[in-house]
Amino acid sequence: MKKRFGAILLLTLTFLGLLSSVPVTVSASQVSHAPRVLLAYDSENRAKGDQAKIDAVQRLLTSLNLEVHTIRIDQYHTGDIKRLHFKAVITMVNWSQAKLTTSHFAHDRAAFTGLKLHIGPSMAKDERQSLGLALRPRYHQQYWLSDHTSSARQLLSFSESLAVTAQTPPTVKTFGTLVPQSQNAQKVPYGVINENSAYLPYLTPNGLSFVVASRLIARFFGHTATYAPLLTITDVTPFTNMDLLHKLATDLENNGIPFAISTTSISVNTDLPAYKRFTSELQWVENHGGVIFLRTPVVYYPKASTQSELTQLMQTQIRRLIARQVFPVGMSTPNYWNQDLVCRPAALSYSNNVILTGNPSETKNADADNTAGVYKRTFYGLKEQSLETVHNGTNLAQTNLSFSSPTAITMTMPDSQKDLTGLVKRVSAAKVSWLDPSAGKFSGTTTVANQRAHYRNGNYYLNGRLTVVPTYNPPKQTKPTPVTPTGALNTFFSVDGVFLFFFMIVSLIVLLAFYIVGRQVYWRMFKKK
């Protein structure tokens with residue numbers, strides 16, 4: 001019996017040893033044990049486009065390496081705050097008339113002792129008690145938002161009613177200042193943090209308002225660093241004007257401006273000359289101060305079965321690019337892909353860098369779970385156009401903005417020489433210290449199957465070995481010699497043209513002589529003698 005027990009024990013230990021020797025594959029792009037944040041909103045209020053505010057907060061929290069769970073307040077289940085171990089609860093009110101402050105959510109939020117942030121009007125009683133500051137209503141006002149950190153300001157939209165914190169003790173942290181247009185009205189803080197509670201009277205998904213609000217949210221979660229923005233050229237495709245892309249990369253490098261390209265790709269017809277020209281221009285970008293982010297494709301009818309097809313598509317695209325020595329340093333995608341149980345693992349799990357851009361007006365999810373994936377480095381995609389009204393109607397050239405989370409300032413790929421010149425001029429004039437991907441603080445890894453492409457300090461490595469990207473020079477454009485159509489009639493005129501010319505002249509002279517003689521004969525017939 002003892003021998004049998006010893007044999008069983010030996011086999012068990014051997015089996016456990018084998019299990020422990022099996023390597024466990026963990027996606028390098030995912031950040032484990034990220035703090036969880038609950039984002040609860042009352043309504044999307046699509047009539048005013050307030051779904052963009054939810055999208056903005058989701059992307060901002062993800063760029064701060066926080067795992068954000070989004071839910072509508074009336075869909076909250078009792079006990080979820082405690083059961084899911086949330087670090088913070090963010091309440092966003094987009095439509096105060098909805099009054100979706102259910103007793104379950106309000107009760108659990110009141111008992112919650114973690115971080116609490118309220119965005120928008122209609123702060124509940126338990127939130128006001130936690131904030132510990134008196135709110136004062138302001139009606140029919142239009143404010144300037146002033147930011148002393150960057151010496152920038154921006155005129156805000158007219159508001160019918162706004163609750164502000166008129167008096168704040170020195171222990172309260174304030175962010176931005178609302179300066180009324182009326183000289184008699186009092187200046188008030190834009191956002192405030194009081195211990196474990198914070199308040200933003202409103203939030204817009206772009207412009208100076210978002211820059212200041214993102215600083216408050218970052219500080220609220222203990223992030224004090226500032227980040228240089230990454231200049232990102234979007235909407236590049238295999239059908240882009242390659243001559244313009246070539247010149248754009250050249251001009252940006254000549255002006256000392258590092259940049260990134262967000263481009264889609266293809267998985268079929270990659271043996272055609274057009275694809276070779278496309279990838280050759282991406283090689284030119286890699287060799288002239290730029291890096292490549294692979295943009296996710298457009299999926300028209302997503303469903304649960306889309307995952308395997310999308311996985312194969314993304315992997316094929318990455319492999320074909322690597323075969324042409326184009327090494328993506330990250331992925332680029334609309335935010336709703338990161339909120340989808342099908343699209344997230346199929347398209348965003350290959351790299352440790354992700355750029356999250358704003359959602360289009362219509363989103364088509366395969367299986368939305370409203371739980372954002374977290375990556376080693378996530379950039380918040382901020383359109384350069386949204387900063388044009390910063391500092392009293394001027395642009396980035398007049399202000400030096402700082403960003404509290406990794407940010408990609410996006411500009412659309414120009415489609416004409418005039419637009420290209422304007423883009424380079426605006427970027428060159430901007431008082432911004434752009435993120436240089438070739439510097440030591442930035443690195444990028446993209447892994448698919450048995451291929452691992454890595455970027456560090458301006459160098460590319462494939463499976464650990466240094467790889468030199470080929471230098472591409474496009475063929476010089478020469479004007480073709482005009483070709484004249486030829487045929488039997490053309491040959492006839494080219495050979496006998498001179499003869500025909502003189503023949504026609506002689507014929508006209510003879511006809512003119514006949515006319516003169518005939519006219520005289522005609523008149524003599526009727527002339528009276």
Side-chain angles (χ1 to χ4, degrees), residues 37-61 68-78 80-81 86 88-110 112 116-131 133 135-143 145 156-165 178 188 190-192 197-207 209-210 212-214 216-217 334-336 339 358-363 365 368-372 386:
V37 177
L38 176 63
L39 173 59
Y41 65 94
D42 63 338
S43 170
E44 291 186 350
N45 197 11
R46 288 185 172 269
K48 292 187 176 181
D50 287 344
Q51 74 277 8
K53 298 179 182 179
I54 302 172
D55 164 42
V57 175
Q58 287 174 335
R59 290 188 287 139
L60 174 61
L61 295 173
V68 55
H69 296 246
T70 308
I71 191 171
R72 204 170 66 194
I73 291 177
D74 61 351
Q75 296 179 344
Y76 174 81
H77 296 91
T78 304
D80 278 354
I81 292 178
F86 287 110
V89 172
I90 299 177
T91 305
M92 175 178 284
V93 176
N94 289 327
W95 189 35
S96 55
Q97 291 84 347
K99 300 185 183 300
L100 292 179
T101 54
T102 61
S103 57
H104 301 301
F105 175 71
H107 178 270
D108 288 355
R109 183 182 57 196
F112 180 63
K116 300 179 185 179
L117 168 63
H118 182 94
I119 302 174
S122 303
M123 181 180 282
K125 181 179 179 181
D126 66 285
E127 293 178 290
R128 292 196 301 268
Q129 291 176 346
S130 298
L131 184 62
L133 300 173
L135 300 181
R136 299 286 184 265
R138 295 289 185 269
Y139 300 103
H140 306 289
Q141 291 278 356
Q142 188 170 20
Y143 292 95
L145 174 59
L156 305 177
S157 301
F158 180 83
S159 61
E160 294 184 358
S161 63
L162 194 68
V164 298
T165 53
L178 295 176
V188 293
Y190 167 55
V192 294
S197 295
Y199 172 62
L200 283 168
Y202 72 94
L203 180 141
T204 56
N206 48 47
S209 167
F210 176 78
V212 178
S214 63
L216 179 147
I217 294 174
N335 181 50
Y336 77 93
Q339 309 285 328
N359 287 332
S361 56
E362 293 185 7
T363 59
N365 288 94
D369 63 348
N370 296 318
T371 300
S386 71

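Starting from 1, each residue takes its place in the sequence as its number. Note: hydrogens, waters and symmetry copies are ignored here, and every other heavy atom, side chains too, is used.
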Exercise. Which residues pass the side-chain contact (heavy atoms from CB on, under 4.5 Å) test with A52, sequence neighbours left out?
Worked result: P205

Problem set entry | Donor-acceptor contact present, side-chain E127 to main-chain A124, <3.5 Å | yes

Exercise. Can you check whether W95's main-chain N or O pairs, donor with acceptor, with D42's side chain at less than 3.5 Å?
Worked result: yes

For this session: With the side chain counted from C-beta on, respond yes when L162 and Y139 share a heavy-atom pair under 4.5 Å apart, and no when they do not.
Result: no

Problem set entry | Partner residues of A198 under the side-chain contact (heavy atoms from CB on, under 4.5 Å) criterion, sequence neighbours left out | L117, I193, L216, F220

For this session: List for me each residue that meets ring-ring contact (aromatic ring centres under 6.0 Å, His included) alongside Y336, sequence neighbours excluded, and say none if there are none.
Result: none

Exercise. Hey, are the side chains of I90 and L38 touching, using non-hydrogen atoms and a 4.5 Å cut-off?
Worked result: no

Problem set entry | Set of side-chain hydrogen bond (donor to acceptor under 3.5 Å, both in side chains) partners for S197, sequence neighbours left out | none

Exercise. In chain order, what residues pass the side-chain hydrogen bond (donor to acceptor under 3.5 Å, both in side chains) check against T165, with sequence neighbours excluded?
Worked result: none

Problem set entry | Within-4.5 Å side-chain heavy-atom neighbours: I81 and V89 | yes

Exercise. Side chains of Q142 and S157: do they bring a donor and an acceptor to under 3.5 Å?
Worked result: no

Problem set entry | Donor-acceptor under 3.5 Å (S159 side chain, S161 main chain) | no

Exercise. Are a donor atom and an acceptor atom from the side chains of Q339 and N365 found within less than 3.5 Å of each other?
Worked result: no

Exercise. Minimum heavy-atom separation for G358 to D55, with atom names?
Worked result: CA-OD2, 3.4 Å

Exercise. Considering residues at least two apart in sequence or located in another chain, which fulfil the side-chain hydrogen bond (donor to acceptor under 3.5 Å, both in side chains) criterion with E44?
Worked result: R46

Problem set entry | L131 side chain near H118 side chain, heavy-atom distance below 4.5 Å | no

Exercise. Excluding sequence neighbours, so at least two apart, what forms salt bridge (Lys or Arg N to Asp or Glu O under 4.0 Å) with K53?
Worked result: D50

Exercise. Taking only residues two or more places apart in sequence, or in another chain, which ones meet D108 in a salt bridge (Lys or Arg N to Asp or Glu O under 4.0 Å)?
Worked result: none

Exercise. Do R109 and T91 have side-chain atoms, one donor and one acceptor, less than 3.5 Å apart?
Worked result: yes

Problem set entry | Spatial distance of atom CZ (F210) from atom CD1 (I217) [nearest 0.5 Å] | 7.0 Å

Exercise. Is any side-chain heavy atom of P121 less than 4.5 Å from a side-chain heavy atom of P201?
Worked result: no

Seminar exercise, completed: Nearest heavy-atom contact between A213 and L200 is CB-CD1, 3.8 Å

Problem set entry | Audit row: Q58, N335, side chain to side chain donor-acceptor pair (under 3.5 Å) steps and yes/no | CA-CA 8 Å; Q58 287 174 335; N335 181 50; 2.9 Å; yes

For this session: Output all residues satisfying side-chain contact (heavy atoms from CB on, under 4.5 Å) with S209, sequence neighbours left out; order by chain, then residue number.
Result: L145, Y190, Y202, T204

Exercise. Quick one: CG on L156 to OH on Y143, what's the gap to the nearest 0.5 Å?
Worked result: 10.0 Å

Exercise. Distance from Q129 atom CD to K116 atom NZ, nearest 0.5 Å?
Worked result: 9.0 Å

Exercise. Would you call I119 and V57 a side-chain contact if the rule is heavy atoms closer than 4.5 Å?
Worked result: yes

Seminar exercise, completed: dist Q141:CD -> L178:CG (nearest 0.5 Å) comes out at 10.0 Å

Exercise. Got a sec, which residues hit side-chain hydrogen bond (donor to acceptor under 3.5 Å, both in side chains) with N359, two or more places apart in sequence or on another chain?
Worked result: none

Exercise. Taking the side chain as C-beta and beyond, is there a heavy-atom pair between V37 and L39 under 4.5 Å?
Worked result: no

Exercise. Does the side chain of T78 reach to within under 4.5 Å of the side chain of H107, using non-hydrogen atoms?
Worked result: no

Exercise. Sub-3.5 Å donor-acceptor pair from the side chain of R128 to the main-chain atoms of M123, do we have one?
Worked result: yes

For this session: Kindly compute the distance separating CG (D74) from OG (S43), expressed to the nearest 0.5 Å.
Result: 9.5 Å

Problem set entry | Point-to-point distance, once rounded to the nearest 0.5 Å, from CG of L203 to CE of M92 | 5.5 Å

For this session: Just jot down the ring-ring contact (aromatic ring centres under 6.0 Å, His included) partners of F86, sequence neighbours excluded, or say none.
Result: H69

For this session: Could you tell me whether a side-chain N or O of Y199 sits under 3.5 Å from a main-chain N or O of V164, the two making a donor and an acceptor?
Result: no

